[in-house]
Trainee: 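Take a look at the following structure, please.
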Amino acid sequence: MNHLFEGFIDSESYTVRLLDKEDISQVQQLQEIVVETLTEKKNLQPLTYEELDYILTGNGLMIGAFTETGLIAFRALLIPPIDEEHLGLDVGLDAEELPRVIYQEISNVHPDYRGNRLQQTLAHLIMQEQAKLDQKFTYVACTVAPFNIPSLKDKFKQGMEIAALKVKYVDQLRYVFIKRLDGEDGEGEIAEIARIPMEDVKGQQALLNEGWCGISMEEEDGGYRVVYVKRQPMT
């Protein structure tokens with residue numbers, strides 16, 4: 001078995017490898033365990049068998065962390081179809097750029113293994129693997145529910161930024177995150193900073209519509225504020 005990584009959680013060893021169709025049942029079982037522990041079940045959009053199969057048949061990547069007892073965490077990337085729901089359209093990309101966008105899909109960690117930076121470890125490893133794909137990508141994008149604090153922290157730690165806040169998946173409010181993978185950035189120095197309460201949807205949308213982007217979040221008085229910046233265009 002070709003392992004991408006080997007590590008320890010306390011004294012228990014684990015390995016990370018690419019997943020294939022034979023792993024789908026374990027992925028589904030772990031998803032069910034994670035969903036059962038969520039207080040806000042609408043924060044997570046579990047992948048169906050068909051969606052897992054789609055990713056594992058050449059339309060993305062999945063990696064998983066295993067102990068002796070089985071799968072304890074997994075992370076997925078999806079090469080999305082080009083349609084009217086494409087996240088690239090939500091963040092203002094041109095049509096010809098859409099094929100160069102890959103999605104960060106679901107990321108799950110077994111409740112017994114949380115707090116061990118597994119989500120970050122898998123994020124680093126899967127982005128390394130996507131760089132080896134034949135198809136080359138310029139952007140990585142994803143959606144996160146407001147107040148899904150672990151997932152929001154995960155995206156900000158990866159250097160992803162909020163570029164939109166809108167209803168997706170029929171009726172679910174979501175932040176749309178984007179990050180360039182080529183290191184290039186057409187934006188200049190930060191000109192203005194604003195901190196907006198996470199529950200202030202209209203306030204955040206107003207800034208996003210004016211070209212601001214969300215770069216981090218801060219905990220304050222038991223609540224959360226999103227830090228937005230306006231950058232000077234490069235001259």
Side-chain angles (χ1 to χ4, degrees), residues 34-35 37-47 75-76 78 80 83-94 97-98 101-109 111 114-115 117 119-120 123 139-181 185-234:
V34 170
V35 169
T37 63
L38 290 176
T39 51
E40 289 289 338
K41 301 210 176 352
K42 67 178 186 296
N43 281 352
L44 183 69
Q45 195 81 15
L47 295 180
R75 192 151 200 152
L78 169 70
D83 58 21
E84 65 276 3
E85 283 294 309
H86 198 285
L87 299 182
L89 297 174
D90 294 324
V91 301
L93 296 182
D94 295 331
E97 293 184 285
L98 300 185
V101 179
I102 194 166
Y103 290 1
Q104 276 200 10
E105 272 290 338
I106 200 167
S107 171
N108 278 177
V109 176
R114 286 180 190 153
R117 301 171 69 89
Q119 203 172 26
Q120 287 174 256
Y139 302 92
V140 59
C142 69
T143 61
V144 180
F147 298 100
N148 182 349
I149 302 305
S151 192
L152 290 168
K153 287 181 177 176
D154 171 65
K155 303 303 178 281
F156 285 130
K157 279 177 184 168
Q158 292 183 63
M160 301 182 78
E161 297 185 351
I162 296 168
L165 175 57
K166 61 186 297 186
V167 173
K168 301 292 289 182
Y169 317 120
V170 184
D171 61 354
Q172 302 294 323
L173 188 65
R174 291 290 186 267
Y175 288 113
V176 182
F177 280 81
I178 190 95
K179 178 186 177 182
R180 285 192 75 111
L181 296 170
D185 194 345
E187 303 285 355
E189 296 294 315
I190 292 173
E192 296 179 74
I193 299 178
R195 292 168 171 83
I196 310 293
M198 198 173 288
E199 60 268 24
D200 183 1
V201 173
K202 285 189 168 60
Q204 293 177 84
Q205 289 173 330
L207 289 184
L208 290 163
N209 289 338
E210 292 172 12
W212 295 61
C213 56
I215 62 164
S216 64
M217 56 190 251
E218 298 172 346
E219 195 168 0
E220 189 177 279
D221 300 327
Y224 288 91
R225 291 178 179 268
V226 182
V227 179
Y228 283 90
V229 299
K230 184 79 176 282
R231 293 189 176 100
Q232 295 270 22
M234 296 282 277

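This one's a predicted model, so the numbers in the text were calculated from it and none came from an experiment.
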Trainee: Side-chain contact test, heavy atoms from C-beta onward, threshold under 4.5 Å: evaluate it for Leu78 versus Ile102 and give yes or no.
Mentor: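 A side-chain contact is absent here, since even the closest heavy-atom pair is not under 4.5 Å.
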
Trainee: Should the pair Arg231-Glu161 be classified as a salt bridge under the 4.0 Å nitrogen-to-oxygen rule?
Mentor: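 Glu161 and Arg231: salt-bridged.
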
Trainee: Quick one: does Ile193's side chain get under 4.5 Å of Tyr228's, heavy atoms only?
Mentor: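 SC-SC contact between Ile193 and Tyr228 ruled out.
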
Trainee: Can you list the steps and then say if Arg225 with Glu219 is a side chain to side chain contact (heavy atoms under 4.5 Å, CB included)?
Mentor: CA-CA 6 Å; Arg225 291 178 179 268; Glu219 195 168 0; over 6 Å; no

Trainee: Within the 4.5 Å heavy-atom criterion, are Ile162 and Phe156 side-chain neighbours or not?
Mentor: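 With C-beta onward as the side chain, the pair touches.
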
Trainee: List for me each residue that meets ring pair (Phe, Tyr, Trp, His ring centres under 6.0 Å) alongside Tyr103, sequence neighbours excluded, and say none if there are none.
Mentor: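 Partners of Tyr103 under the ring pair (Phe, Tyr, Trp, His ring centres under 6.0 Å) test: His86.
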
Trainee: Rounded to the nearest 0.5 Å, what's the gap from NZ on Lys230 to CH2 on Trp212? Could you check?
Mentor: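 Lys230 atom NZ to Trp212 atom CH2 measures 7.0 Å (nearest 0.5 Å).
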
Trainee: Roughly how far, to the nearest 0.5 Å, is CG of Leu207 from CD1 of Ile196?
Mentor: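 These two atoms lie 5.0 Å from each other.
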
Trainee: Could you tell me whether the side chain of Lys168 and the main chain of Glu85 form a donor-acceptor pair under 3.5 Å?
Mentor: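 Flag set: sc Lys168 to bb Glu85 pair under 3.5 Å.
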
Trainee: Using 0.5 Å steps for rounding, measure from the CD1 atom of Ile106 to the OG atom of Ser151.
Mentor: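 Output value for this atom pair is 9.5 Å.
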
Trainee: Kindly indicate whether the side chain of Val227, heavy atoms from C-beta on, has any atom under 4.5 Å from the side chain of Met217.
Mentor: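 Sidechains of Met217 and Val227: no contact.
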
Trainee: Can I get a per-line list of side-chain donor-acceptor pairs under 3.5 Å for residues 170-179, giving both atom names and the distance, sequence neighbours left out?
Mentor:
from   : atom 1 : to     : atom 2 : distance (Å)
Arg174 : NH2    : Lys42  : O      : 2.9
Tyr175 : OH     : Gln204 : OE1    : 2.8
Tyr175 : OH     : Gln204 : NE2    : 3.4
Lys179 : NZ     : Gln158 : O      : 2.6

Trainee: Which value, rounded to the nearest 0.5 Å, describes the distance between Leu98 atom CG and Leu93 atom CG?
Mentor: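 These two atoms lie 6.5 Å from each other.
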
Trainee: With a 4.0 Å cut-off, would you call Arg75 and Asp154 a salt bridge?
Mentor: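 Salt bridge present between Arg75 and Asp154.
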
Trainee: Assess, by modelled atom type and distance only, whether the side chains of Arg114 and Gln119 contain a donor and an acceptor separated by less than 3.5 Å.
Mentor: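 No pair is found: no donor N or O on one side chain lies under 3.5 Å from an acceptor on the other.
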
Trainee: Show the nearest heavy-atom pair for residues Pro146 and Leu165, with the distance to one decimal.
Mentor: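 In terms of heavy atoms, the two residues are closest at CG-CD1, 4.1 Å.
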
Trainee: Side chains of Val34 and Val109, heavy atoms from C-beta outward: is any pair under 4.5 Å?
Mentor: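 Result no, sub-4.5 Å side-chain heavy-atom pair not found.
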
Trainee: Could you check whether any side-chain heavy atom of Cys142 comes within less than 4.5 Å of a side-chain heavy atom of Met160, counting everything from C-beta outward?
Mentor: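 Side chain of Cys142 against side chain of Met160, heavy atoms only: contact under 4.5 Å found.
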
Trainee: Treating Asn148 as the side-chain partner and Val144 as the backbone partner, does any N or O pair qualify as donor plus acceptor under 3.5 Å?
Mentor: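 Not a single qualifying donor-acceptor pair exists.
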
Trainee: Are side-chain heavy atoms of Val140 and Val101 found at a separation under 4.5 Å?
Mentor: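 They are not in side-chain contact.
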
Trainee: Kindly indicate whether the side chain of Leu152, heavy atoms from C-beta on, has any atom under 4.5 Å from the side chain of Tyr224.
Mentor: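 No, every pair of side-chain atoms sits at 4.5 Å or beyond.
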
Trainee: Scan for salt bridge (charged side-chain N to carboxylate O under 4.0 Å, His left out) pairs involving residues 192-215, sequence neighbours excluded, and state none if there are none.
Mentor: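 Those involving residues 192-215 are Arg195-Glu218.
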
Trainee: List the atom of Val35, the atom of Pro46, and the distance in Å for their closest heavy-atom pair.
Mentor: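 Of all heavy-atom pairs spanning Val35 and Pro46, the closest is CG2-CG, 3.8 Å.
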
